[in-house]
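Down below is the structure, laid out as structure tokens.
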2 protein chains.
Amino acid sequence: MDTRKEELTAALIDYLLTHGLSELSLRPLAAELGTSARLLIYHFGSKEGLLTAAMAAMHAQLRSSLQAMAETRASSAKAPLRRFWDWAVAAQNFPYLKLLYELQILAIRSPETYGPLLQNNAADWLALTKQIMPDDERDAAMASLPIAVFDGLFLELMSTGDRRRTTRALDRFIELVEQGRLQRKPQRSPTSKRGT
Amino acid sequence: MDTRKEELTAALIDYLLTHGLSELSLRPLAAELGTSARLLIYHFGSKEGLLTAAMAAMHAQLRSSLQAMAETRASSAKAPLRRFWDWAVAAQNFPYLKLLYELQILAIRSPETYGPLLQNNAADWLALTKQIMPDDERDAAMASLPIAVFDGLFLELMSTGDRRRTTRALDRFIELVEQGRLQRKPQRSPTSKRGT
DNA sequence: GTATCCATGTAACGAACGTTACATGTAACA
DNA sequence: TGTTACATGTAACGTTCGTTACATGGATAC
């Protein structure tokens, strides 16, 4: 049927992973895929449709990869946040996440162009990440802190490529959180009270 | 002398702050500035020269604003990280930082285009931020953690606009760090040992 | 064997891009 | 007053963009 379209979509994803979203142009893309701009429009309707199809397929791949990771949780004693990090920086997943962060930034400035690519999947993507994050802290602020740490360290990893340094910083954060938990849970100390 | 150029640069900065970098085009820009693409090239030599001049002027403004904040440190009891955050999310500074984060992401994918805009100022910008960050922890990983927290929360602030939530999360992080410091400094407990 | 449908090639469209050529104004300086 | 330097307007250059018109192959269905 449209096996040709699926082939094109797979190759298209590879192209996007290495070239990014913001400077995508049909003719160079077609040249590298061994086809023509004419056929890209023929198969996907428009450039926007092409991006939509590619991002949808990409997200499906990413979701299955994340699901596979989540199902092996029994074997590891690591903190969920660290396991999520390990998954994210793995060679097979890192370019995908890199692209998603790029998309996130582009959507801030040009929501009419890139917003639809986000809306299709940002919701369930965020749900998945939060499902993996530690959730024993009820507070919304505390819930967004691990995500922010992850985002900030991933940003630094993308810019510098320094995996060791960023991973260590994440471990430090996890230690901090565990220390805070140990300090608060078993003994309730009246010196540090927290309201509202 | 080139007061006209300086006027244009100021207006150009305003334009960049609201429209972003990635979709900049000379003719719409000139239309909004009340001039022509012809004159933009005349004054700045090229589009690249225009961007370089604008970013240099912008960074000078930002640096003086940051310096002014740093010199008032005696009056406040807040943590340096929190004071830096307050400065960053202030209405006058927020759009500037937003643009710098956009530039950072763009430079990851297209360093040949956006890298020079970063190289002019990324070094001293980072020096300034780290100068303000708490530095009583020697470890490099621990030094990059506050920056990552800041980056991640600022990213969320840009996407969601939720200043209250992100500020609370930052305060939670500061509490965590202070708890960790109190726990480690006065008494040395052999149960939590940390090596290398 | 003829018709139908999907896939593809060639070529062009109109628009927007950064940049440039050429001419003209306008003010300061000799 | 004439010259010189800077500022600006008009128009076009060549290129690339996403998209489309038109024609043709090649397989499958009747």
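In what follows, chains are A, B, ... by sequence order, proteins preceding strands, each numbered from 1. Heavy-atom basis, side chains included; hydrogens, waters and symmetry copies ignored. Everything numeric here is computed off the predicted structure, so don't read it as measured data.
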- Query: salt bridge (Lys or Arg N to Asp or Glu O under 4.0 Å) with A:R27: which residues, sequence neighbours excluded?
  - Reply: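 Result, salt bridge (Lys or Arg N to Asp or Glu O under 4.0 Å) vs A:R27: none returned.
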What integer distance in Å separates [X]:[atom1] from [N]:[atom2]?
X     : N      : atom1 : atom2 : value
A:L50 : D:dT19 : CG    : C1'   : 13 Å
B:K5  : D:dT8  : NZ    : C1'   : 17 Å
A:L39 : D:dG25 : CG    : C1'   : 13 Å
A:F44 : C:dA7  : CZ    : C1'   : 14 Å
A:E23 : D:dG18 : CD    : P     : 12 Å
A:L40 : C:dT8  : CG    : P     : 11 Å

- Task: Could I get the full list of side chain to side chain donor-acceptor pair (under 3.5 Å) partners for B:E48, not counting sequence neighbours?
- Result: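 By the side chain to side chain donor-acceptor pair (under 3.5 Å) rule, B:E48 matches no residue at all.
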- What is the per-nucleotide protein-contact pattern of nucleotides 17-22 of chain C, from the 5' end, where B denotes a base atom under 4.0 Å from a protein heavy atom, S denotes such proximity for sugar-phosphate atoms only, and - denotes neither? BBBBBB
- Under 4.0 Å between a Lys/Arg side-chain N and an Asp/Glu carboxylate O for A:E102 and B:R109?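 Salt bridge between A:E102 and B:R109, a charged N being under 4.0 Å from a carboxylate O: yes.
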- Query: Which of these passes side chain to side chain contact (heavy atoms under 4.5 Å, CB included) with B:L16: B:L51, B:L103, B:L50?
  - Reply: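 Only one option passes, and that is B:L51.
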- Query: Are B:H43 and D:dT8 close enough that a side-chain N or O sits under 4.0 Å from OP1 or OP2?
  - Reply: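 For B:H43, the contact criterion (side-chain N or O under 4.0 Å from OP1 or OP2 of D:dT8) is met.
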